[in-house]
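In what follows, a single structure is set out as structure tokens and then discussed.
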Number of protein chains: 4
Amino acid sequence: MPDQVEQWLAELLRLNDEEEKVTEKQIKIVQAAVEIFAEKGYSATSTSEIAQKAGVAEGTIFRHYKTKQNLLIAIVTPIMEKLVAPFVIRNFQEVLNVQYEHFEDFMRAMLINRLAFTRKYAPVLKVMIHEIPFNPDLQAQFMEHVSTNVVERVRRIVVHFQAQGQIIEAPADSIVRMCASTIVGYAVTRYLLAPERDWNDDEEIDLMVRFMMHGLSLNPVR
Amino acid sequence: MPDQVEQWLAELLRLNDEEEKVTEKQIKIVQAAVEIFAEKGYSATSTSEIAQKAGVAEGTIFRHYKTKQNLLIAIVTPIMEKLVAPFVIRNFQEVLNVQYEHFEDFMRAMLINRLAFTRKYAPVLKVMIHEIPFNPDLQAQFMEHVSTNVVERVRRIVVHFQAQGQIIEAPADSIVRMCASTIVGYAVTRYLLAPERDWNDDEEIDLMVRFMMHGLSLNPVR
Amino acid sequence: MPDQVEQWLAELLRLNDEEEKVTEKQIKIVQAAVEIFAEKGYSATSTSEIAQKAGVAEGTIFRHYKTKQNLLIAIVTPIMEKLVAPFVIRNFQEVLNVQYEHFEDFMRAMLINRLAFTRKYAPVLKVMIHEIPFNPDLQAQFMEHVSTNVVERVRRIVVHFQAQGQIIEAPADSIVRMCASTIVGYAVTRYLLAPERDWNDDEEIDLMVRFMMHGLSLNPVR
Amino acid sequence: MPDQVEQWLAELLRLNDEEEKVTEKQIKIVQAAVEIFAEKGYSATSTSEIAQKAGVAEGTIFRHYKTKQNLLIAIVTPIMEKLVAPFVIRNFQEVLNVQYEHFEDFMRAMLINRLAFTRKYAPVLKVMIHEIPFNPDLQAQFMEHVSTNVVERVRRIVVHFQAQGQIIEAPADSIVRMCASTIVGYAVTRYLLAPERDWNDDEEIDLMVRFMMHGLSLNPVR
DNA sequence: TATGAATGAGCTTTCATTCAT
DNA sequence: GATGAATGAAAGCTCATTCAT
């Protein structure tokens with residue numbers, strides 16, 4: 001029943017769908033930009049290249065986005081919001097309490113959900129990863145969205161399951177980081193580093209869930 | 001006794017230490033370049049900026065490195081080699097068999113050793129991470145060094161400990177990936193994302209080792 | 001009775017008043033254009049800026065004026081005509097003979113009349129002054145209107161009063177130029193350079209008339 | 001003996017002659033720029049046009065002057081300083097008292113001196129006149145140099161000769177303005193509007209001096 | 001009639017690279 | 001070896017103008 005998350009999410013997204021009209025040319029520009037940004041990096045991409053690939057005049061890009069850096073932000077912002085949307089849902093914690101009796105269920109749901117998201121937006125996410133460290137505006141966005149919204153909320157989830165005795169007592173930040181590393185490590189390998197490899201996603205997900213659950217279990221080993 | 005690794009490593013490095021003479025100006029150039037590359041990214045950095053920060057004339061950079069991209073490679077290559085050096089040692093597997101009876105010992109040794117390395121070369125590693133995806137030459141280097149040398153060798157280690165029944169039967173690649181994710185996730189958070197936070201490295205290392213060992217243990221949970 | 005000039009002028013203007021209908025938008029465009037042209041100069045003003053200030057679409061400007069340079073000419077031409085209108089009157093010389101027995105009366109009348117005009121159209125006159133030297137079309141207009149019509153006619157007036165022994169024998173062109181300099185010098189200082197200063201126009205006019213009359217008198221000095 | 005002014009001036013200018021080294025290319029750039037600025041106006045002149053006329057690469061302009069507007073200022077500033085230099089001389093007033101017993105001598109000296117200057121630097125002065133109203137930096141320069149230094153000092157000269165009873169009692173500002181108008185009016189007509197005409201400078205100077213002296217004399221007319 | 005999206009030429013400026021000194 | 005003036009290609013961006021709606 002993890003898709004329930006997606007349900008609550010839906011209402012949130014409906015707002016976003018009513019965005020200002022985007023012309024056909026704008027869509028082409030964004031598509032071209034994402035492709036080339038992902039391929040050569042933002043700074044190494046020229047606006048004339050984007051215009052050419054998008055099949056529009058260079059001036060058209062600047063009519064709509066004013067600056068090149070504005071185009072980058074216009075691309076990244078909505079994806080950044082969608083990236084954290086499942087965590088930003090109003091009654092996040094209660095939902096999870098009801099939905100996911102065990103930490104394992106929660107982990108699996110999140111894993112599946114966000115991996116699907118990664119598959120869908122892989123190129124934009126690649127651009128995000130590479131440009132956030134060099135772009136103060138994106139950094140601020142990231143700080144606000146991810147740090148404030150996601151890490152803090154997931155932290156509380158971890159504490160919650162720790163209180164229930166489901167997972168080990170250890171700094172919640174560290175636990176969050178290790179789980180995130182496992183998931184992000186898979187996402188990066190799967191969709192950015194070696195997308196051409198023959199992946200068995202179900203098996204990998206099972207393995208990761210087992211790895212994290214065992215890793216955080218209270219049992220002594222051997 | 002993990003420092004033994006460093007001993008074998010020494011012989012390897014001796015070759016590197018006998019590099020061609022580098023002038024004082026070259027050192028300043030490289031220092032300046034690394035700093036600015038790490039701060040703004042390779043493409044967004046101009047050679048005049050590097051020259052200014054290094055206190056040399058712009059022509060001097062090109063006298064030594066011919067092109068800007070050459071300078072990048074001159075910076076990254078030796079660090080890439082040092083990064084994988086501990087794995088490239090000739091009799092790697094035998095050494096490990098003797099040195100590390102348990103997978104845990106091996107993991108811990110590697111973790112400590114490579115984290116020290118990351119701390120030392122954090123800026124260059126940041127540049128590497130960001131430029132490898134966009135630079136064919138660096139990509140080739142990375143493929144050769146990391147894929148061929150490291151992953152393949154560590155893979156065999158994993159298989160070795162699987163055969164001994166120390167860790168679960170699962171695709172070795174996946175196990176390598178999950179461990180690498182855990183370590184790299186820490187390194188990135190520790191030295192790139194939040195270096196200013198108050199870190200307790202020993203505790204974190206213990207936690208990660210426990211996380212990985214439990215995660216890969218044969219025991220059923222609960 | 002200098003307003004008599006204005007009377008003759010009236011007939012001339014009646015033609016101009018029957019101009020083609022100008023829409024409300026056109027007026028706004030011209031107002032905006034004059035303001036910005038006067039502030040930043042013609043070349044440094046963009047049509048989009050004019051459109052924005054006028055509250056119309058950029059296309060509307062081009063629907064009415066075809067080109068930017070056309071807009072400039074549409075602004076300057078009628079003012080240029082009005083500027084020289086008092087001199088262009090058909091029976092100019094006779095009128096003056098009757099009206100103004102003394103050169104001083106003529107000078108004073110002209111001074112007052114054209115200063116009022118300058119006050120009214122100061123911004124457009126500023127644009128004119130700045131663009132005539134760089135715009136062949138405006139140059140031609142200026143040559144025709146000012147040189148042919150004004151200078152030549154005023155020249156004849158000067159000769160007339162010289163013949164009467166009211167003013168010194170000297171090249172009429174030089175006399176015209178010195179009087180024009182005195183008047184234009186005041187107009188420029190008064191309305192362009194230091195409009196915010198506290199001016200006593202009547203006193204200044206008296207002083208200028210005295211300056212010119214003494215300057216051109218036959219009396220020896222001292 | 002009006003050239004005495006030039007003598008005192010010499011010492012001042014010697015400082016300026018020891019300017020920083022200007023390369024041959026810089027001179028060509030400035031020459032080309034002045035010519036085209038004077039012909040089409042600053043805003044309507046492109047840097048590529050300047051580069052072409054100067055026979056240098058476009059980049060060379062920016063290596064030396066950083067921005068186009070900087071080039072303008074580099075051209076105008078020294079001429080603005082030279083323009084006011086004769087007035088800025090330290091013991092200006094005393095010098096004049098000794099040198100010029102009569103206001104007429106002073107006027108004639110100034111007239112001849114500054115007209116020679118105008119002839120020499122006519123193109124730059126044209127650029128100055130046109131760009132000062134639209135360029136805040138030049139405006140500030142002009143205010144400081146001309147208002148503070150020139151007008152104020154000449155004002156005092158006028159007051160001095162008024163006290164001696166050589167010229168009429170009238171607002172000194174107005175007297176300064178009328179004399180300046182006469183001179184500038186000639187300079188503009190002579191060197192900018194109709195340089196091709198056949199001018200008799202000596203005669204014009206005599207006439208202007210007479211015009212101003214009579215214009216400011218205490219005698220009643222007629 | 002009025003609009004404003006679209007254009008592409010041209011703008012100022014930056015850049016990696018060369019080379020005479 | 002080191003310099004920094006010079007380069008010209010290409011960058012991001014602006015502009016006057018057009019045209020389908």
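Letters go in sequence order (proteins before strands), and every chain restarts at 1. Quick note: numbers below take in every heavy atom, side chains included, and nothing from hydrogens, waters or symmetry partners.
- Here the CE atom belonging to A:Met80 is positioned 13.0 Å from the CD1 atom belonging to A:Ile75, to the nearest 0.5 angstrom.
- Judged by distance alone, the side chains of C:Glu58 and C:Ser48 never bring a donor and an acceptor atom under 3.5 Å apart.
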Do any N or O atoms of the protein come closer than 3.5 Å to N or O atoms of nucleotides 7-10 of chain E, and which pairs are they?
residue : atom : partner : partner atom : Å
E:dT7   : OP1  : A:Lys25 : NZ           : 3.1
E:dT7   : OP2  : A:Ala57 : N            : 3.0
E:dT7   : OP2  : A:Thr60 : OG1          : 2.5

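- Partner of C:Thr77 under the side-chain hydrogen bond (donor to acceptor under 3.5 Å, both in side chains) criterion, out of C:Lys82, C:His145, C:Gln141: C:Gln141 alone.
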Exercise. Passes side-chain contact (heavy atoms from CB on, under 4.5 Å), C:Ile61 versus C:Ile50? Steps please.
Worked result: CA-CA 9 Å; C:Ile61 295 176; C:Ile50 297 170; 3.8 Å; yes
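- The closest donor-acceptor contact from the side chain of B:Lys126 to the backbone of B:Ala38 lies under 3.5 Å.
- Comparing C:Thr67 and A:Lys66, the nucleotide of DNA chain F nearest to each residue sits closer to the 5' end for A:Lys66.
- Counting heavy-atom neighbours within 6.0 Å of A:Gln139 CD, excluding the residue itself, gives a total above 12.
- In this model, the phosphate group of E:dA6 is approached by a side-chain N or O of A:His64 to a distance below 4.0 Å at OP1 or OP2.
- When the nearest nucleotides of DNA chain E are assigned to D:Thr47 and C:Thr23 by heavy-atom distance, the more 5′-ward of the two goes with C:Thr23.
- Contact of the C:Glu131 side chain with the C:Val76 side chain is not registered, since no non-hydrogen atoms from C-beta on lie closer than 4.5 Å.
- Ring planes of D:Phe134 and C:His130: tilted class, angle from 30 to 60°.
- Rounding to whole angstrom units, CD of residue C:Glu49 and C1' of F:dA16 are separated by 14 Å.
- Contacts between residues 69-76 of chain B and DNA chain F, counted as heavy-atom distances below 4.0 Å, involve no residue at all.
- Atom CD in C:Gln52 sits about 17 Å away from atom C1' in E:dA2, given to the nearest Å.
- Under a cutoff of 6.0 Å and an axis angle of 45°, C:Lys68 and C:Tyr42 form a cation-pi pair.
- Residue C:Lys28 contributes atom NZ, which lies 11 Å from atom P of E:dA2 at whole-angstrom precision.
- C:Ile50 places its CD1 atom 17 Å from the P atom of E:dA2, with the value rounded to the nearest Å.
- Here the P atom of nucleotide F:dT3 and the CD atom of B:Gln26 are 12 Å apart, to the nearest Å.
- Within the 4.5 Å cutoff, the side chain of A:Ile73 has heavy atoms near those of the A:Gln69 side chain.
- Checking E:dA9 for Watson-Crick or G-U wobble geometry (two distances, each under 3.5 Å) identifies F:dT14 as its partner.
- Looking at A:Leu83 and A:Tyr121, their side chains never come closer than 4.5 Å, going by heavy atoms from C-beta outward.
- Atom CD1 in D:Ile29 sits roughly 14 Å away from atom C1' in E:dT13 (whole-Å rounding).
- Pairing for E:dA20 is with F:dT3, a Watson-Crick or G-U wobble pair whose two hydrogen-bonding atom distances lie under 3.5 Å.
- For A:Phe62 and E:dT12, the CZ to C1' distance is 13 Å, given to the nearest whole Å.
- Spacing between atom OH of D:Tyr65 and atom C1' of E:dT14 amounts to 19 Å, rounded to whole angstrom units.
- Distance check, rounded to the nearest 0.5 Å: CG of B:Asn70 to NE2 of B:His64 gives 13.0 Å.
- Residues of residues 38-45 of chain C having a heavy atom closer than 4.0 Å to DNA chain E: none are found.
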